[in-house]
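Have a look at the structure below, then the notes.
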There are 2 protein chains.
Amino acid sequence: MGKADVFLEHADAIGRGLRDIGRAAKESGVSVKMIRHYEAIGLLKKVTRTYANYRVYRDGDVHTLRFIKRARTLGFPMEDIRELLALWQNKSRPSASVKKIAGGHMQGLKRRILEMQSMVATLEHLTHNCHGDGRPDCPILDDLAGPGKPGTLR
Amino acid sequence: MGKADVFLEHADAIGRGLRDIGRAAKESGVSVKMIRHYEAIGLLKKVTRTYANYRVYRDGDVHTLRFIKRARTLGFPMEDIRELLALWQNKSRPSASVKKIAGGHMQGLKRRILEMQSMVATLEHLTHNCHGDGRPDCPILDDLAGPGKPGTLR
DNA sequence: CTTGACCCTGCCACCGTGGGAACCCTGAGG
DNA sequence: CCTCAGGGTTCCCACGGTGGCAGGGTCAAG
């Protein structure tokens, strides 16, 4: 029966670890759109096709998709994920490499958190002093209008 | 002397509240590129031009640019800034409108901060358990590889 | 007249995601 | 057989903001 590596009959592809892109999307939590995108940018290797040119996904592919999904959920950028995938697939990787990537990403996250917290602090202060009624006086607008140096958080 | 409203001689434009885009950029902290962009999307009204088609900025324009810059620094998205600018220019605005926009923005910031903090917490935990040496064992990759439900922070 | 520092417009890129058009394929029901 | 729904396929466009570059015009100083 046509369980060949390269091209498949559609009917052979049902069940036992073979599924079309829609099912792979449901199982992995990655949208159909994104699965194709990941393949296009080489994050996911090209999958087998049926004779009708349908993509066919095996268990391993879905596993990889879940890996990517999880990494995205943790905020890793694509470039990091590319490296993490390579390390994952390389059984003899040094865990230090992985840790370094994760550490770098964490640093970036922390920096952005600090930035946003500083924004929130300023906004809290401004809205606290704004009565927020029908009158036009508004310290928020006053702050935005200057005259502090531009680009600084006051 | 040619201090007309619509078109200006270049030489007339120097000094006294009139400057070209480069100077406006330096004074406002907004890049030349972005100044043009803000004008293109209607955030900044079209400015006067010299006969040679150079943009000419007045004090008020630079003031507006600083307003935008400050709002960007506080993380407001363009759409919010558009509204804030309108309110700023409307002397009889109710401060409640401003407060509402700021509050909505703050909520978004806080939500994103929480998301990122949750990412950091997970990553801290994972990297803490990863020895980060030459050996391949790595809880970070193990986590990414599942088998938890995709799309959740564990 | 030349040079260097500006300015102008317009197009492309990033990242990650979604939307949609135009088309092909499959399976089920009349 | 034909039709119809519900997939799949490719390709292009959009977003928010920002930067870069190409190919031109202009201005002041030497």
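Since the model is a prediction, treat every value here as computed from it, not as a measurement. Throughout, a chain's letter reflects where its sequence line sits, starting with A, and its residues are numbered from 1.
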message: Side-chain N or O of A:Tyr51 versus OP1/OP2 of C:dT26: is the shortest distance under 4.0 Å?
response: no

A:Asp143 side chain to A:Ile140 backbone, donor-acceptor under 3.5 Å: no

task: Please check the phosphate of D:dT26 (OP1 and OP2 only) for any side-chain N or O of B:Thr50 closer than 4.0 Å.
output: no

task: Could you check if a side-chain atom of B:Ile68 sits within less than 4.5 angstrom of a side-chain atom of B:Val30, using non-hydrogen atoms only?
output: no

- prompt: Reckon B:Met78 touches a base, only the sugar-phosphate, or nothing at all at heavy-atom distances under 4.0 Å?
  reply: sugar-phosphate

Under 3.5 Å, N/O pairs linking protein and nucleotides 4-8 of chain D:
{"from": "D:dG7", "atom 1": "N2", "to": "A:Tyr54", "atom 2": "OH", "distance (Å)": "3.1"}
{"from": "D:dG8", "atom 1": "OP1", "to": "A:Gly22", "atom 2": "N", "distance (Å)": "2.4"}

query: Which whole-number value in Å describes the distance from A:Glu39 CD to C:dG16 P?
result: 18 Å

- request: Nearest whole angstrom, please: distance from the P of C:dC6 to the CD1 of B:Ile35.
  value: 14 Å

- prompt: Do the side chain of A:Lys33 and the base of C:dG16 come within less than 3.5 angstrom through a donor-acceptor pair of N or O atoms?
  reply: no

- request: Please report, rounded to the nearest Å, how far the P atom of C:dG16 is from the CZ atom of A:Phe76.
  value: 13 Å

query: Can you tell me how far P of C:dC15 sits from CZ of A:Arg112, to the nearest Å?
result: 14 Å

- prompt: Salt bridge or not for B:Lys45 and B:Asp61, using N-O below 4.0 Å?
  reply: yes

query: Would you call B:Arg112 and B:Glu115 a salt bridge, using N to O less than 4.0 angstrom?
result: no

- request: Mind calculating the distance between CG (A:Asp80) and C1' (C:dG16) to the nearest angstrom?
  value: 14 Å

message: One thing to verify: whether A:Arg93 and A:Glu83 come together as a salt bridge, which I'm taking to mean a side-chain N less than 4.0 angstrom from a carboxylate O.
response: no

- prompt: Should A:Arg19 and A:Asp59 count as an ion pair when the cut-off is N to O under 4.0 Å?
  reply: yes

- prompt: Can you tell me how far C1' of C:dC7 sits from CZ of B:Arg19, to the nearest Å?
  reply: 17 Å

message: Counting only side-chain heavy atoms from C-beta out, which of D:dG17, C:dC25, C:dG16 sits nearest to A:Arg72?
response: C:dG16

field: B:His37, nearest nucleotide to its side chain (from D:dT18, D:dT26, C:dT9)
entry: D:dT18

message: Given 3.5 Å as the limit, does a donor-acceptor pair link the side chain of B:His105 with the main chain of A:Leu123, or not?
response: no

